[in-house]
Number of protein chains: 2
Amino acid sequence: MLKQTQKRSIETRAKLLRVATEAIAANGHGALRVEEVVKNAGVAKGTFFAHFKDKDALMELIIGAQIDEYLDAAEEPGCAKNVDELVSRMRPLMDFMTRERYIFDVIVRHSGAAVKEELGPIAQTFERTIEIVAGWIAAGDFRKDVSEVLLAEGVQAFAVQAMALHFCAINNQEEMHLRFKSYLDAWLNPALAS
Amino acid sequence: MLKQTQKRSIETRAKLLRVATEAIAANGHGALRVEEVVKNAGVAKGTFFAHFKDKDALMELIIGAQIDEYLDAAEEPGCAKNVDELVSRMRPLMDFMTRERYIFDVIVRHSGAAVKEELGPIAQTFERTIEIVAGWIAAGDFRKDVSEVLLAEGVQAFAVQAMALHFCAINNQEEMHLRFKSYLDAWLNPALAS
DNA sequence: TACAATAATTGACCGTGGTCATAATTATTA
DNA sequence: TAATAATTATGACCACGGTCAATTATTGTA
């Protein structure tokens with residue numbers, strides 16, 4: 001029996017990922033070109049697609065890893081106990097997601113699972129976000145008449161909404177977070193919202 | 001002074017739109033090819049892009065018109081007085097939006113305005129949806145502690161969320177609408193949700 | 001009607017993501 | 001070590017959206 005994947009392959013894949021990550025760090029996500037990646041990695045174009053289904057699959061990996069870093073940071077300081085804390089805890093992640101239109105599009109495109117038990121990297125971060133936020137909601141000063149998971153899903157829906165509206169020229173960064181807060185006040189503490 | 005746009009141009013544009021609409025009716029939105037449109041319209045490729053900024057701009061027009069038809073139908077029977085009615089009133093529109101992944105992607109991409117006072121066709125339908133839903137909420141049996149516009153925006157956020165999750169193979173059409181209803185129960189009638 | 005000015009159209013050309021038959025490399029077996 | 005099988009890499013090629021300098025059609029003016 002052959003080894004399923006040989007060392008050479010693992011190295012090639014790692015090199016592609018490294019080169020792509022560097023290019024993104026230098027020029028942003030939207031400017032990434034497959035041809036540039038393979039040239040700098042010293043492999044043929046076809047090799048790229050032997051390792052990643054398409055360009056989006058690579059972006060998913062990289063963006064998914066970046067989101068995970070932001071979630072680590074958001075989780076770090078313990079529970080967010082109220083709406084204000086929740087908003088500010090989510091802020092760096094939302095700023096990242098809206099840094100480039102291209103990033104947001106990729107994220108939205110991959111926020112749902114493709115097949116059961118086959119969550120892509122970005123869909124995984126969405127599940128993780130639900131878990132984290134649901135944990136905060138369960139422990140904090142929030143309404144208790146609805147399950148914390150449903151509430152967490154709502155938080156995510158409002159985050160996406162606020163980010164989508166952010167891409168109007170009229171709406172700036174600050175406005176995005178204010179809008180997010182208005183939603184959450186009404187969603188997470190309906191009794192106080194009046 | 002010259003006429004700004006000549007009759008010839010208007011006819012060409014109309015022909016392109018007609019041909020594209022027919023092709024979509026036959027093969028779906030995602031299968032539309034610019035080359036096919038210009039061939040069937042009997043014009044050169046460049047002509048297409050003289051009339052539409054890009055392929056997306058054409059899709060925006062066509063999908064925007066389709067959404068408007070669904071909104072007409074949703075508005076027709078008067079106000080939706082409770083969550084169940086609201087869900088079933090939105091149902092045909094949401095089914096259309098999720099008929100093809102491609103359609104949903106185009107819609108999400110264009111749901112926000114590009115520039116103030118420059119709402120694209122799809123962004124306009126989103127504004128119209130807010131107005132319609134806000135009207136229902138103001139007149140119907142819904143919470144009154146938050147403005148109806150904020151509530152309507154939330155309804156839209158939940159609709160998008162439910163549709164995005166729909167594109168998992170695990171979730172079917174029915175589940176999408178059930179999920180939508182759960183969100184709205186908690187959003188529009190927090191007192192009853194317990 | 002001739003001429004100038006503007007609008008509309010053309011199609012060769014390009015950028016870029018993605019494919020696939022073939023070649024090269026690596027591992028297994030005899 | 002030679003023969004064989006499986007894995008990996010190659011790069012010419014294609015599909016398709018989009019560009020633009022050049023050409024043609026239309027309209028206003030002398």
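Convention: sequence-line order gives letters A, B, ...; per-chain numbering from 1.
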**Message:** Is the phosphate of dT7(D) approached by Thr5(A) (side-chain N or O, under 4.0 Å from OP1 or OP2)?
**Reply:** no
**Asked** With nearest nucleotides of DNA chain D determined for Thr47(B) and Arg8(A) from heavy-atom distances, which residue corresponds to the more 5′ nucleotide?
**Response** Arg8(A)
**Request:** Without swapping roles, check the side chain of Gln161(B) against the backbone of Gln156(A) for a donor-acceptor pair under 3.5 Å.
**Result:** no
**Request:** Describe, in one word, how the ring planes of Tyr70(A) and Phe96(A) are oriented to each other, choosing from parallel (under 30°), tilted (30 to 60°) and perpendicular (over 60°).
**Result:** parallel
**Prompt:** How close or far is atom C1' of dA25(D) from atom CD of Gln6(B), stated in whole angstroms?
**Reply:** 7 Å
**Asked** Is the backbone of Gly30(B) close enough, under 3.5 Å, to the side chain of Glu100(B) for a donor and an acceptor to pair up by distance?
**Response** yes
**Message:** Side-chain N or O of Ser9(B) versus OP1/OP2 of dA7(C): is the shortest distance under 4.0 Å?
**Reply:** no
**Asked** Looking only at heavy atoms, what is the nearest atom pair of Ile137(A) and Lys144(A), with distance?
**Response** O-NZ, 2.9 Å
**Fill in**
Whole-Å distance, Lys7(A) NZ to dT25(C) C1', equals 13 Å
**Item:** Sorted by number, the residues of residues 21-33 of chain B with heavy-atom contact under 4.0 Å to DNA chain D
**Value:** Leu32(B), Arg33(B)
**Fill in**
Sorted by chain and number, sequence neighbours left out, side chain to side chain contact (heavy atoms under 4.5 Å, CB included) with Leu61(B) holds for Arg13(B), Phe52(B), Pro121(B)
**Prompt:** Expressed in angstrom and rounded to an integer, what is the separation of Lys45(A) atom NZ from dT22(C) atom P?
**Reply:** 21 Å
**Prompt:** Rounded to the nearest Å, what distance is computed from the CG atom of residue Leu16(B) to the P atom of nucleotide dA8(C)?
**Reply:** 14 Å
**Fill in**
To the nearest angstrom, the CZ-C1' distance between Phe48(A) and dT16(C) comes to 12 Å
**Item:** Pairwise side-chain contact, Met97(B) with Ile63(B), heavy-atom cut-off 4.5 Å (strictly under)
**Value:** no
**Distance, rounded to the nearest Å, where His51(B) contributes NE2 and dA7(C) contributes C1'** = 10 Å
**Message:** Looking at every non-hydrogen atom in both residues, tell me the closest pair between Leu32(A) and Ala23(A) and how far apart they are.
**Reply:** CD1-CB, 3.7 Å
**Message:** In whole Å, I'd like the distance from the CG atom of Asp54(A) to the P atom of dC14(D).
**Reply:** 22 Å
**Atom-to-atom span, CZ of Phe52(A) to C1' of dA9(D) - whole angstrom** = 15 Å
**Asked** For DNA chain C, whose closest nucleotide is more 5', that of Arg13(B) or that of Asp56(A)?
**Response** Arg13(B)
